[in-house]
Amino acid sequence: QVQLVESGGGLVQPGGSLRLSCAASGLTFSRYLMSWYRRAPGKERELVASITSAGGNTNYADSVKGRFTISRDNAKDTVDLQMDTLQPEDTAVYYCNANGFPAGSPFDFWGQGTQVTVSS
């Protein structure tokens, strides 16, 4: 079965860094657009960053541009999110997402989420 397993979340002080990782299995990873979403308490889920299947193009939310970097390793079936200069407003549950066309139409797979808390 398809699984997206996330790791790397935790508690960090403002200005600190964390690196999230998502390990995928059960899908042809290199065919999928990979993204990180987040959901802060009381807010809707939002797209944080995405990276195309070959890693040639990335997209970031304005709020994280210059601070976060998404990357993928298709040989390891992983996608990472390097988060620098973290701010309290970055506190959220972060979710790994795989988007593709496994049956000829768009379909999403989701990870379980990992908590990121930015607080002094």
Side-chain angles (χ1 to χ4, degrees):
Q1 66 177 17
V2 173
Q3 289 192 90
L4 302 176
V5 181
E6 302 163 357
S7 61
L11 175 65
V12 65
Q13 294 184 338
S17 298
L18 285 173
R19 188 177 184 92
L20 306 183
S21 183
C22 172
S25 61
L27 76 168
T28 306
F29 182 78
S30 62
R31 296 182 180 176
Y32 283 79
L33 174 75
M34 299 301 298
S35 300
W36 287 94
Y37 287 77
R38 68 186 181 188
R39 187 166 191 151
K43 297 183 178 180
E44 293 293 314
R45 184 176 60 200
E46 66 171 341
L47 176 66
V48 177
S50 61
I51 184 167
T52 53
S53 59
N57 290 287
T58 57
N59 184 58
Y60 298 92
D62 287 342
S63 60
V64 307
K65 286 181 179 178
R67 299 188 298 118
F68 290 12
T69 303
I70 189 171
S71 61
R72 68 189 295 161
D73 187 340
N74 287 347
K76 298 171 62 177
D77 291 357
T78 59
V79 59
D80 290 359
L81 184 69
Q82 177 66 42
M83 304 184 294
D84 297 322
T85 319
L86 283 161
Q87 304 167 7
E89 53 264 40
D90 295 317
T91 295
V93 178
Y94 285 71
Y95 298 90
C96 180
N97 170 273
N99 177 263
F101 298 82
S105 58
F107 196 85
D108 288 305
F109 297 102
W110 293 92
Q112 79 286 355
T114 184
Q115 177 71 48
V116 172
T117 302
V118 185
S119 177
S120 59

Spell out, yes or no, whether [X] and [Y] are grouped together once hydrophobic residues are joined by side-chain heavy atoms under 4.5 Å, including indirect joins.
X	Y	result
Leu47	Ile51	no
Val48	Leu33	no
Val93	Val116	no
Phe107	Val79	yes
Leu81	Val64	yes

To the nearest 0.5 Å, what is the distance between [atom1] on [X] and [atom2] on [Y]?
X	Y	atom1	atom2	result
Tyr37	Asp108	OH	CG	6.5 Å
Thr52	Asn59	OG1	CG	10.5 Å
Ser25	Asp77	OG	CG	8.0 Å

Can you name the side-chain hydrogen bond (donor to acceptor under 3.5 Å, both in side chains) partners of [X], sequence neighbours left out?
X	answer
Thr69	none
Ser35	none
Lys43	none
Asp62	Lys65

Which residues share a side chain to side chain contact (heavy atoms under 4.5 Å, CB included) with [X], sequence neighbours left out:
X	value
Ser63	Arg38, Ala61
Thr117	Leu11, Thr91, Gln115, Ser119
Arg19	Ser71, Asp80, Gln82
Ser7	Ser21

Heavy atoms, side chains only, cut-off 4.5 Å: are [X] and [Y] in contact?
X	Y	value
Ser53	Tyr32	no
Phe29	Met34	yes
Asp90	Arg67	yes

So which atom in [X] and which in [Y] form the shortest heavy-atom distance, rounded to 0.1 Å?
X	Y	value
Asn74	Ser30	ND2-CB, 3.8 Å
Gly113	Tyr95	CA-CD2, 3.5 Å
Leu4	Ala24	CD2-CB, 3.5 Å

Which pairs pass disulfide bond (SG atoms under 2.5 Å apart) with one or both residues in [range], sequence neighbours excluded?
range	answer
residues 1-118	Cys22-Cys96
residues 45-90	none
residues 39-78	none

Q: Run the numbers on Leu20 and Glu6 for side-chain contact (heavy atoms from CB on, under 4.5 Å), then give the verdict.
A: CA-CA 7 Å; Leu20 306 183; Glu6 302 163 357; over 6 Å; no
(Q) Please enumerate all residues that pass salt bridge (charged side-chain N to carboxylate O under 4.0 Å, His left out) together with Arg39, with sequence neighbours excluded. (A)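 Arg39 satisfies salt bridge (charged side-chain N to carboxylate O under 4.0 Å, His left out) with no other residue.
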Q: Mind telling me whether Phe68 and Tyr94 have parallel, tilted or perpendicular rings, with 30° and 60° as the class edges?
A: tilted
